Amino acid sequence: MTDLSKTSLHRRTVLQAAAVGAVGVSPALRSMVYAAGSDAPEKKEVKIGFIPLTDCASVVMASVLGIDQKYGVKIVPSKEASWAGVRDKLANGELDFAHVLYGLVYGVHLGIGGPKKDMAVLMTLNNNGQAITLSKKLADAGAVDGAGLAQLMAKEKREYTFAQTFPTGTHAMWLYYWLAANGIDPLKGAKVITVPPPQMVANMRVGNMDGFCVGEPWNHRAIMDGIGITATTTQDIWKDHPEKVLGTTSEFVQKYPNTARAVTAAILEAGRWIDEGLANKNKMAETIAGKAYVNTSVDAINQRILGRYQNGLGKTWDDPNYMKFYNDGAVNFPYLSDGMWFLTQHKRWGLLKDHPDYLAVAKSINRTELYKQAATAAKAPLPKSDMRSSKLMDGVVWDGKEPAKYADSFKIKA
């Protein structure tokens, strides 16, 4: 670091100290300025795994725009082939962090869906923006939504195959919830397979599945390629639902707390940049469409990130609940209730045999204190509570209270 930049950082520290007044500089505020040494990221370069999906954007843009350097770290995005690969590389330390499915992190922590390892969720990367696609063949037979699918499956008896991206992940849970809300038992009434996101469209093209749940741009890509239709969006299942998270191991956070905080702050700021306006969203779409990232055409990405939806059957609409990366700070807090919801669904579908201590598990995984420090560094607002309340598509309210009762309350379950 040059003497000039040291002087500039020192001046900024003094100004910030003055701003908080006589009480001195809080640890969170100090995390903004790494000149002091003790707050400097212990590991300067970090490898962050991602799957080619629109919602990897804040991780990629933190690196591309150089926001990471502002926080004293260098993010190296690493394109991965499957969620199972992400899980394994996180667990063995090949990846420092990952853009990862919420439920995958919880599954690994509890030893379901892979080897058991203590994990950490540092922030939520995005809300909304996934969908359930049904094949054009099903749509032509009248299955254009959940009710139509249930009628067709009752009338034309055969094995119906649906794909999700990882057994404990978000897409599996949205798919199961939607099927069950429409009276279809996903475990007994259908065959469910696991397919990596970038392979969904190709598999549907050759007739390997009747429907799938995945993140964008692959639902829109299926429409563009004329092989599928959007039956529902995940924001219609749960408005402002948690989706991908910044995940790492508990061991990494213990060893490199300053690095974890710096990376969280950088990605938080990148999410804010994306959500700031049309020009930024378009630049993001152009960037992540590239071969190094999602490897698709820009027009497969840029419509739905602006809320411009079509279902592939002539219906178009503007969706106010499109994929958000920041949304004035509402997106990113790792709410304990969000993590607990995935546990209730893991129990509902038999992935967990017994009720865990829902709140204790969420508290051990979701690093709310570290997030609060990173948010202060990035000047992002914080919610009043570690829990939030949401009403899902079937009218059932989830608020994190009585999770065991909630998990047991569903008519269709394992």
Side-chain angles (χ1 to χ4, degrees), residues 48 50-71 75 77 79 99 123-131 133 197-198 214-225 230 232-236 238-246 264-312 314-333 375 378-381:
I48 306 188
F50 71 92
I51 292 285
L53 290 160
T54 303
D55 50 30
C56 74
S58 56
V59 170
V60 170
M61 296 315 291
S63 171
V64 170
L65 297 170
I67 296 170
D68 52 355
Q69 291 165 38
K70 177 178 164 183
Y71 292 93
I75 289 172
K79 187 173 178 174
H99 148 260
M123 65 182 287
T124 305
L125 294 175
N126 67 296
N127 288 168
N128 308 327
Q130 325 294 296
T133 291
V214 74
E216 295 303 339
W218 305 117
N219 301 287
H220 190 63
R221 184 83 249 173
I223 291 172
M224 290 171 70
D225 292 359
T230 293
T232 191
T233 64
T234 52
Q235 53 264 32
D236 281 340
W238 175 356
K239 181 190 163 190
D240 294 335
H241 67 77
E243 185 48 44
K244 305 302 185 300
V245 293
L246 180 64
T264 303
I267 295 171
L268 190 51
E269 190 169 321
R272 179 168 61 211
W273 178 88
I274 293 167
D275 278 9
E276 266 169 4
L278 182 62
N280 291 4
K281 286 191 172 77
N282 280 329
K283 183 174 179 188
M284 175 271 273
E286 284 165 20
T287 303
I288 68 163
K291 278 189 179 163
Y293 306 115
V294 180
N295 192 22
T296 190
S297 57
V298 177
D299 57 350
I301 295 172
N302 66 7
Q303 293 305 296
R304 289 194 170 185
I305 58 158
L306 300 171
R308 295 173 190 157
Y309 276 76
Q310 53 172 293
N311 70 347
K315 181 187 169 190
T316 60
W317 71 99
D318 287 327
D319 191 334
N321 305 312
Y322 54 85
M323 188 182 290
K324 309 269 174 76
F325 292 90
Y326 184 72
N327 194 18
D328 298 325
V331 168
N332 311 104
F333 189 80
K379 297 189 174 69

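What you see is a predicted model, and the numbers here were worked out from it, not measured in a lab. Counting begins at 1 with the first residue of the sequence.
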Q: Locate the shortest heavy-atom distance separating Val294 from Cys56; write the atom from each residue and the value.
A: CG2-SG, 4.5 Å

Q.
Quick check: closest heavy atoms across Gly129 and Thr234, and the distance to 0.1 Å?
A. N-OG1, 4.0 Å

Q: Please assess Asp319 against Asn128 for the test side-chain contact (heavy atoms from CB on, under 4.5 Å), listing each intermediate value before the final yes or no.
A: CA-CA 11 Å; Asp319 191 334; Asn128 308 327; over 6 Å; no

Q. If you draw a 6.0 Å radius around NZ in Lys79, do more than 12 non-hydrogen atoms from other residues or ligands fall strictly inside?
A. yes

Q: Please answer whether the main-chain N or O of Pro242 pairs with a side-chain N or O of Thr124 as donor and acceptor at a distance below 3.5 Å.
A: no

(Q) Holding to salt bridge (Lys or Arg N to Asp or Glu O under 4.0 Å), I want the full list of residues that pass it with Glu243, two or more places apart in sequence or in another chain. (A) none

Q | All side chain to side chain contact (heavy atoms under 4.5 Å, CB included) counterparts of Ala375, not counting sequence neighbours | A | Leu268, Tyr371, Ala380, Leu382

Q | Minimum heavy-atom distance Val214-Trp218, with the two atoms named | A | CG1-CB, 3.8 Å

**Q.** Over all atoms of both residues, closest heavy-atom pair of Ile67 and Ala270
**A.** CD1-CA, 3.7 Å

Q: Evaluate the side-chain proximity of His241 to Asn127: yes if any heavy-atom separation is below 4.5 Å, no if none is.
A: no

Q | Considering all heavy atoms, the nearest Pro217-Leu53 contact | A | CD-CA, 4.3 Å

Q) ring-ring contact (aromatic ring centres under 6.0 Å, His included) with His220: which residues, sequence neighbours excluded? A) none

(Q) For Thr287, give me all partners under side chain to side chain contact (heavy atoms under 4.5 Å, CB included), at least two apart in sequence or on another chain. (A) Val60, Met61, Val64, Lys283, Tyr293

Q) What's the shortest heavy-atom distance between Phe50 and Ala292, and which atoms? A) CZ-O, 3.5 Å

Q) Just wondering, do Trp317 and Thr233 contact through their side chains at under 4.5 Å, heavy atoms? A) yes

**Q.** With sequence neighbours excluded, residues passing salt bridge (Lys or Arg N to Asp or Glu O under 4.0 Å) with Asp240
**A.** none

(Q) Are the side chains of Ile274 and Ser58 in contact, using a 4.5 Å heavy-atom criterion? (A) yes

Q: Any side-chain hydrogen bond (donor to acceptor under 3.5 Å, both in side chains) involving residues 299-311? Give me the pairs, sequence neighbours left out, ordered by first then second residue.
A: Glu216-Arg304, Thr230-Arg304, Gln235-Tyr309, Ser297-Asp299

Q.
Taking salt bridge (Lys or Arg N to Asp or Glu O under 4.0 Å) as the cut-off, I'd like each qualifying pair that reaches into residues 285-297, sequence neighbours left out, listed once.
A. none

Q: Report the residues that fulfil side chain to side chain contact (heavy atoms under 4.5 Å, CB included) with Asp275, sequence neighbours left out, ordered by chain and then residue number.
A: Lys281, Lys324, Phe325, Tyr326, Asn327

Q | side chain to side chain contact (heavy atoms under 4.5 Å, CB included) partners of Glu276, counting only residues at least two apart | A | Arg272, Trp273, Asn280

Q: Identify, with sequence neighbours excluded, every residue that meets side-chain hydrogen bond (donor to acceptor under 3.5 Å, both in side chains) alongside Thr296.
A: Arg221

(Q) List the residues meeting side-chain hydrogen bond (donor to acceptor under 3.5 Å, both in side chains) with Thr264, not counting sequence neighbours, and say none if there are none. (A) none

Q | Pairwise distance CG(Leu65) to NZ(Lys70) - rounded to 0.5 angstrom | A | 11.5 Å

Q. Taking only residues two or more places apart in sequence or in another chain, which ones pass salt bridge (Lys or Arg N to Asp or Glu O under 4.0 Å) with Asp55?
A. Lys244

Q) Are side-chain heavy atoms of Thr54 and Asn126 found at a separation under 4.5 Å? A) no

**Q.** Atom pair CG (Leu246) and CG (Leu125), whose distance is rounded to the nearest 0.5 Å
**A.** 5.5 Å

Q | CD1 on Ile305 to CG on Asn282, rounded to 0.5 Å | A | 6.5 Å

